[in-house]
**Student:** 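Below are the structure tokens for one structure; questions will follow.
Heavy atoms only: backbone and side chains are in, while hydrogens, waters and symmetry mates are out. The model shown is predicted, which means the values in this text are computed figures rather than measured ones.
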Amino acid sequence: MHASIRDAVGGTMAIVQSSPATWQSALLSNALIFLLGTPLLVAGLSLSGIGAAFLLGTLTWRAFGPSGFLLVATYFVIGTAATKVKMAQKVAQGVAEKRRGRRGPGSVIGSSAAGCICAFLTIFGVGGEAFSRLWRLGFVASFCTKLSDTVSSEIGKAYGKITYLVTTFKVVPRGTEGAVSVEGTLAGILAAIALAFVSFLMGEIGSHEAIICVLASQIANLGESIIGAAFQEKEGFKWLNNDAVNIINISMGSIIAVLMQQALQIWGS
């Protein structure tokens, strides 16, 4: 009996540690981590959101291995913590996220669509070895962009003293679409730097690529704020909800980072 258990555990660990990652190792590793992290997941996600996050985690592990998964986990932990900051105040002011910040599948998909595309491009080897580094960069940049957006919004709602509409610089109430504050903007920049630095430490990207991710995230977030102020909730743009804007936002961050990297390569050649 003990030998059978030992063999089963050994076999499981062999699958988890397989390199490069396989679908089997990704599923098993993801299941074990999700089981251990259930309390944190329940605090930040609805039940259907957990299901969507499980699919994202499995795809991420298959494409980028443990380091890619850890990057997404870091994004989730920091983003959830920022959402919970002064939650009672945000609820009272009517600017809190729905379900008190517990994200559903739409939010998970809206926050990870660009990263998932980069993961699929990596898994299927699109562009060969020459492009694999670009897809990894786009993946990291997409999550830097979304984390920066989330943190700037949530910290701005909690601590922003003066909130401006980005298109006109008119002072508007907290939580207004397309509004920014100094406090929120600085917090968002720090969040992008933190996630890019974590990715650099894990070997996902190089030092200059980390800088690219931070710059791309801020350009994309400025674009997202302009879109929110000019079009969101306006006549003819009812389809442009938060999830749609999120997809546009992270896609911009990912694409801008890839284009910046390509431009540097051409400039240096």
**Student:** Rounded at 0.5 Å granularity, tell me how far CG in Leu56 sits from CD1 in Ile50.
**Tutor:**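 Rounded to the nearest 0.5 Å, the CG-CD1 separation comes out at 13.5 Å.
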**Student:** If only atom types and distance count, is the side chain of Ser111 paired as donor or acceptor with the main-chain N or O of Ser107 below 3.5 Å?
**Tutor:** yes
**Student:** Do you know the tightest heavy-atom contact between Ala53 and Leu45?
**Tutor:**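 Answer, listing the atom of Ala53 first, then Leu45: CB-CD1, 3.7 Å.
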**Student:** Counting only N and O atoms by type, is there a donor-acceptor contact under 3.5 Å from the side chain of Asn221 to the main-chain atoms of Ser217?
**Tutor:**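 Judged by distance alone, yes, a pair lies under 3.5 Å.
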**Student:** To the nearest 0.5 Å, tell me how far Cys118 SG sits from Arg136 CZ.
**Tutor:** 11.0 Å
**Student:** Search all heavy atoms of Ala216 against all heavy atoms of Gly253 and return the closest pair with its distance.
**Tutor:**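 Minimum heavy-atom separation between Ala216 and Gly253: CB-O, 3.6 Å.
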**Student:** Without swapping roles, check the side chain of Thr176 against the backbone of Ala179 for a donor-acceptor pair under 3.5 Å.
**Tutor:** no
**Student:** Just verifying a value: how many Å separate Leu190 CG and Thr185 OG1, rounded to the nearest 0.5 Å?
**Tutor:** 11.0 Å
**Student:** Would Val214 and Leu186 show up in the same hydrophobic cluster when neighbours are defined by side-chain heavy atoms closer than 4.5 Å?
**Tutor:** no
**Student:** Go through it in stages, so that I can follow the logic: the residues are Ser153 and Thr150, the test is side chain to side chain donor-acceptor pair (under 3.5 Å), and I'd like the CA-CA distance, side-chain angles, deciding distance and then a yes or no.
**Tutor:** CA-CA 5 Å; Ser153 175; Thr150 297; over 6 Å; no
**Student:** Are Val72 and Ile193 in one and the same hydrophobic cluster, where Ile, Leu, Val, Met, Phe, Trp and Tyr link if side-chain heavy atoms are under 4.5 Å apart?
**Tutor:** no
**Student:** Provide the closest heavy-atom pair for Ser199 versus Val140 in the form atom of the first, atom of the second, distance.
**Tutor:** OG-CG2, 3.3 Å
**Student:** For the residue pair Asn246 / Lys146, report whether a side-chain donor-acceptor contact shorter than 3.5 Å exists.
**Tutor:** yes
**Student:** Is there a side-chain contact between Glu177 and Asn242 in this structure, where contact means two heavy atoms from C-beta onward sitting under 4.5 Å apart?
**Tutor:** yes
**Student:** Taking C-beta and beyond as the side chain, do Thr163 and Val171 meet within less than 4.5 Å on heavy atoms?
**Tutor:**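 Not in contact.
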**Student:** Determine whether Trp23 and Thr58 make a side-chain contact, defined as any pair of heavy atoms from C-beta on separated by less than 4.5 Å.
**Tutor:**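 Sidechains of Thr58 and Trp23: in contact.
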**Student:** Going from OG on Ser112 to CD1 on Ile117, what distance comes out if it is rounded to the nearest 0.5 angstrom?
**Tutor:** 10.0 Å
**Student:** So, the side chain of Thr22 versus the backbone of Ser25: is there a donor-acceptor pair under 3.5 Å, distance only?
**Tutor:**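 Pair found, side chain donor or acceptor close to backbone of Ser25.
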**Student:** Treat each ILVMFWY residue as a node, draw an edge where side-chain heavy atoms are under 4.5 Å apart, and state whether Leu134 and Phe143 are in one component.
**Tutor:** no
**Student:** Counting only N and O atoms by type, is there a donor-acceptor contact under 3.5 Å from the side chain of Gln89 to the main-chain atoms of Ala158?
**Tutor:**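 Yes: the side chain of Gln89 pairs with the backbone of Ala158.
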**Student:** Go through Ile227 and Ile248 one step at a time and tell me if the side-chain contact (heavy atoms from CB on, under 4.5 Å) criterion holds.
**Tutor:** CA-CA 9 Å; Ile227 290 171; Ile248 294 172; 3.7 Å; yes
**Student:** Honestly curious: do Leu70 and Leu195 fall in one hydrophobic cluster under the side-chain, below-4.5 Å linking rule?
**Tutor:**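 Same cluster.
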**Student:** Looking at every heavy atom in both Ile205 and Ala210, which two are closest together, and how far apart are they?
**Tutor:** CD1-CA, 3.5 Å
**Student:** Applying salt bridge (charged side-chain N to carboxylate O under 4.0 Å, His left out) to Glu154 and Lys90, what does each step give before you reach the verdict?
**Tutor:** CA-CA 9 Å; Glu154 296 300 333; Lys90 293 174 187 174; 2.7 Å; yes
**Student:** In the structure I gave you, are the side-chain heavy atoms of Leu137 and Glu209 within less than 4.5 Å of one another anywhere?
**Tutor:** yes
**Student:** Could you measure the distance from the CG atom of Leu259 to the CD1 atom of Ile266? Nearest 0.5 Å is fine.
**Tutor:** 9.5 Å
**Student:** Run Leu147 and Phe76 through side-chain contact (heavy atoms from CB on, under 4.5 Å) and show every step you take.
**Tutor:** CA-CA 8 Å; Leu147 181 63; Phe76 174 73; over 6 Å; no
**Student:** Angle between ring planes, Phe34 versus Phe54, binned at 30° and 60°: parallel, tilted or perpendicular?
**Tutor:**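 Geometry flag for Phe54 against Phe34: perpendicular rings.
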**Student:** Do the side-chain N and O atoms of Thr83 and Thr80 include a donor-acceptor pair separated by under 3.5 angstrom?
**Tutor:**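 Side chains of Thr83 and Thr80: no pair found under 3.5 Å.
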**Student:** Would you say that Ser148 contacts Gln218 through its side chain, given a criterion of any heavy-atom pair below 4.5 Å between the two side chains?
**Tutor:** yes
**Student:** If only atom types and distance count, is the side chain of Asn30 paired as donor or acceptor with the main-chain N or O of Ala26 below 3.5 Å?
**Tutor:**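 Not confirmed, Asn30 side chain does not pair with Ala26 backbone.
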**Student:** Provide the closest heavy-atom pair for Thr60 versus Phe69 in the form atom of the first, atom of the second, distance.
**Tutor:** CG2-N, 3.5 Å
**Student:** Looking only at atom types and distance, does a side-chain atom of Ser251 sit under 3.5 Å from a main-chain N or O of Ile247, one as donor and one as acceptor?
**Tutor:**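 Flag set: sc Ser251 to bb Ile247 pair under 3.5 Å.
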**Student:** Can you check whether Met252 reaches Thr145 side chain to side chain, under 4.5 Å on heavy atoms?
**Tutor:**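 Counting from C-beta outward, Met252 and Thr145 never come under 4.5 Å.
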**Student:** Looking at Ser254 and Ile250, would you say the former's side chain and the latter's main chain have a donor-acceptor pair under 3.5 Å?
**Tutor:**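 Not at all, since once roles are kept as given, no pair shorter than 3.5 Å links the two residues.
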**Student:** Decide if the gap between the ring center of Phe64 and the ring center of Phe139 is smaller than 6.0 angstrom.
**Tutor:** yes
**Student:** Indicate yes or no: at least one non-hydrogen side-chain atom of Leu27 is less than 4.5 angstrom from one of Trp61.
**Tutor:** no
**Student:** Could you walk me through whether Val85 and Tyr159 pass the side-chain contact (heavy atoms from CB on, under 4.5 Å) test, one step at a time?
**Tutor:** CA-CA 10 Å; Val85 171; Tyr159 296 105; 3.6 Å; yes
**Student:** Please confirm whether the backbone N or O of Gly160 pairs with a side-chain atom of Arg174, one donor and one acceptor, at under 3.5 Å?
**Tutor:**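 Yes.
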**Student:** Provide the closest heavy-atom pair for Ala82 versus Val151 in the form atom of the first, atom of the second, distance.
**Tutor:**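 That closest heavy-atom pairing would be CB-CG2, 4.0 Å.
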**Student:** Cluster question for you: counting only ILVMFWY and a side-chain heavy-atom cut-off of under 4.5 Å, with indirect links fine, are Ile212 and Ile256 together?
**Tutor:** yes
**Student:** Are any side-chain N or O atoms of Ser225 and backbone N or O atoms of Gly178, one a donor and one an acceptor, separated by less than 3.5 Å?
**Tutor:** no
**Student:** Hey, what do you get for CH2 (Trp135) to OG1 (Thr122), rounding to the nearest 0.5 Å?
**Tutor:**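 Answer for the CH2-OG1 pair, Trp135 versus Thr122, is 8.0 Å.
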**Student:** Please report the C-alpha distance between Tyr164 and Ser181 in whole Å, then the side-chain angles of each, then the deciding distance to 0.1 Å, and finally whether the side-chain contact (heavy atoms from CB on, under 4.5 Å) criterion is met.
**Tutor:** CA-CA 6 Å; Tyr164 302 92; Ser181 67; over 6 Å; no
